[in-house]
Amino acid sequence: MAITIDEARAKVLAAVRPLPSEDVAVQDALGRVLAEDVVAARDVPSFANSAMDGFAVRSGPQGRALRIVGESRAGAPAGVGVNEGEAVRISTGAAVPQGADAVLQVELVTLDGDTVTVDDEVTPGRNLRPAGDDVNAGETVLTAGTRMGAAEIGIAVVAGRGTVKCARRPRVAILATGDELVAPGGPLGPGQLHNSNGVTLAALATQAGARVLRTDTVGDTEEATRAAIAAALEEADVLVLSGGVSVGPHDHVKPALQALGVDEVFWRVALRPGRPTWFGTREDALVFGLPGNPVSAMVTFMLFARPALGAMQGAPHEPERIVCHLDAAIPRHPDRDECVRVTLHDGFATPTGPQGSHQLSSMLGADGFAIVTAGEGSALPGDQVVVELV
Ligand code: AMP
Ligand code: MG
């Protein structure tokens with residue numbers, strides 16, 4: 001009996017060993033997963049500053065004529081304070097001088113030589129950004145497990161960081177098996193096809209934060225398969241194979257893995273597409289034997305390998321699932337749950353088109369996999385369905 005999607009994923013996650021952390025320069029941290037909390041070293045902004053170009057003044061009524069005693073520019077605070085009857089010219093973001101408690105924008109003053117007249121009442125704090133207005137010193141701005149995007153990197157910098165501790169990137173080797181494979185762009189002979197799995201799997205691994213060490217192809221002999229796997233396992237934390245994992249006379253992946261001491265954790269999942277999925281371990285290394293059909297390879301990577309890569313980096317890896325209504329009839333497979341590629345709109349899930357495991361076009365634009373559970377008859381339009389977001 002093949003195991004379920006959830007059982008298979010649980011077995012994969014149980015085999016994951018978290019990777020050690022390393023210091024990463026903030027400019028290199030995009031897509032990396034934090035291994036520490038980031039705490040602000042100081043208030044941000046660190047000094048009270050102006051939200052406007054104008055004049056730093058003491059709050060008070062409209063119509064006051066004030067003497068301009070200095071200027072505060074970005075990076076060059078005024079050397080003087082503001083006393084009663086005085087103003088300091090100020091730029092946006094520049095430090096508000098001692099004694100001033102507000103800024104009046106340049107549009108609301110009348111200038112006459114060294115004198116500025118405020119043409120509006122100035123309330124305390126007007127156009128003034130106090131220190132700590134964004135972040136307070138000592139505040140935790142990012143927590144361990146966060147994947148670093150542009151805003152996260154920016155916050156780390158304003159919090160005072162030049163480096164952040166991140167989990168090491170998982171090192172991934174990809175091995176596409178098959179005598180029929182031709183490199184992207186190459187001419188196709190009879191019966192040949194382009195190796196799309198090599199690039200789709202590498203792209204998915206990269207998006208999951210991995211460093212792809214190599215993407216190789218190997219012909220359908222056991223010796224070649226064994227040699228390629230042995231080489232890949234020398235350096236990879238995760239080996240992802242495509243094809244050759246079924247029971248045909250030219251499927252050499254399982255015996256090769258066995259010969260190399262990779263222990264099988266499971267083979268076959270009650271899943272369509274992706275039934276022949278194989279998973280095993282050798283020490284801390286994880287090995288995924290994914291089926292060769294292009295959709296099967298992508299779907300099984302997303303269901304099983306991607307969460308493992310997340311967990312290795314300490315990132316959240318729970319699948320994101322929502323409940324939608326189907327808006328098409330889908331015949332149920334008698335004993336496998338089917339991942340139907342769907343687009344989502346207004347609570348409805350619409351299949352992307354024909355759903356064959358060889359029809360890579362079905363992955364285009366997919367928002368998720370509607371999991372049509374095994375059984376008799378069909379799931380019908382309007383039926384509730386769980387959708388795993390991709
Ligand atoms: P296999 O799992 O090795 O039996 O492969 C099943 C089918 O998947 C093959 O007949 C090919 O049509 C296709 N296939 C296998 N490997 C790849 C690949 N790397 N890229 C694209 N299609 C593939
Ligand atoms: Mg094959």
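Residue numbers run from 1 in the order of the sequence given. Numbering of ligands and ligand atoms starts at 1, following listing order.
One hydrophobic cluster holds both Val265 and Ile5 under the rule that ILVMFWY side chains link at heavy-atom gaps under 4.5 Å. Two different hydrophobic clusters hold Val342 and Met298 under the rule that ILVMFWY side chains link at heavy-atom gaps under 4.5 Å.
Looking at Arg126 and Glu121, their side chains never come closer than 4.5 Å, going by heavy atoms from C-beta outward. Two residues are said to be in side-chain contact when any heavy atoms from C-beta on lie closer than 4.5 Å; Cys339 and Met302 fail this criterion. Between Leu19 and Arg169, the closest side-chain pair of non-hydrogen atoms is not below 4.5 Å. In this structure the side chain of Pro294 never reaches within 4.5 angstrom of the side chain of His194, judged on heavy atoms.
For Gly178, the heavy-atom gap to ligand 1 stays at 4.0 angstrom or more. Using a 4.0 angstrom heavy-atom cutoff, His358 does not count as in contact with ligand 1. Residue Glu180 places a heavy atom less than 4.0 Å from ligand 1.
Among protein heavy atoms, the minimum distance from atom 4 (O) of ligand 1 is reached at Asp251 OD1, 4.2 Å. In this structure, atom 7 (C) of ligand 1 lies nearest to the protein heavy atom Asn293 OD1, 3.6 Å. Counting only heavy atoms of the protein, atom 18 (C) of ligand 1 lies nearest to Asn197 ND2, 3.1 Å.
Of all the atoms in ligand 1, the ones that sit under 4.0 Å from a non-hydrogen atom of Asn195 are 18 (C), 19 (N), 20 (N). Of all atoms in ligand 1, numbered sequentially from 1 with element shown, those under 4.0 Å from a heavy atom of Ala176 are 19 (N). Every atom of ligand 1 is numbered from 1 in the order shown, and the set under 4.0 Å from a heavy atom of Ser196 is 20 (N), 21 (C). Within the listing of ligand 1, atoms 20 (N), 21 (C) sit less than 4.0 angstrom from a heavy atom of His194.
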* Evaluate the side-chain hydrogen bond (donor to acceptor under 3.5 Å, both in side chains) criterion for residues Asp367 and Thr343: first the C-alpha distance (whole Å), next the side-chain angles of each, then the deciding distance (0.1 Å), finally the verdict. => CA-CA 5 Å; Asp367 299 313; Thr343 56; 4.9 Å; no
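At a heavy-atom cutoff of 4.0 Å, ligand 1 is contacted by the side chain of Leu181 but not by its backbone. The part of Leu193 lying near ligand 1 is the side chain, judged by heavy-atom distances below 4.0 Å. At a heavy-atom cutoff of 4.0 Å, ligand 1 is contacted by the side chain of Ser242 but not by its backbone.
The closest side-chain donor-acceptor pair between Arg341 and Ser362 falls under 3.5 angstrom.
Of the listed residues (Ser357, Ser246, Gly248, Gly292), the one carrying the non-hydrogen atom nearest atom 13 (C) of ligand 1 is Gly292.
Between atom CE of residue Met363 and atom CZ of residue Phe369 there is a gap of 4.5 Å, rounded to the nearest 0.5 Å.
Checking only distances, Gly244 does come within under 3.5 Å of ligand 1, N or O to N or O.
Ring geometry, Phe266 versus Phe304: the interplanar angle exceeds 60°, so the pair is classed perpendicular (tilted spans 30 to 60°).
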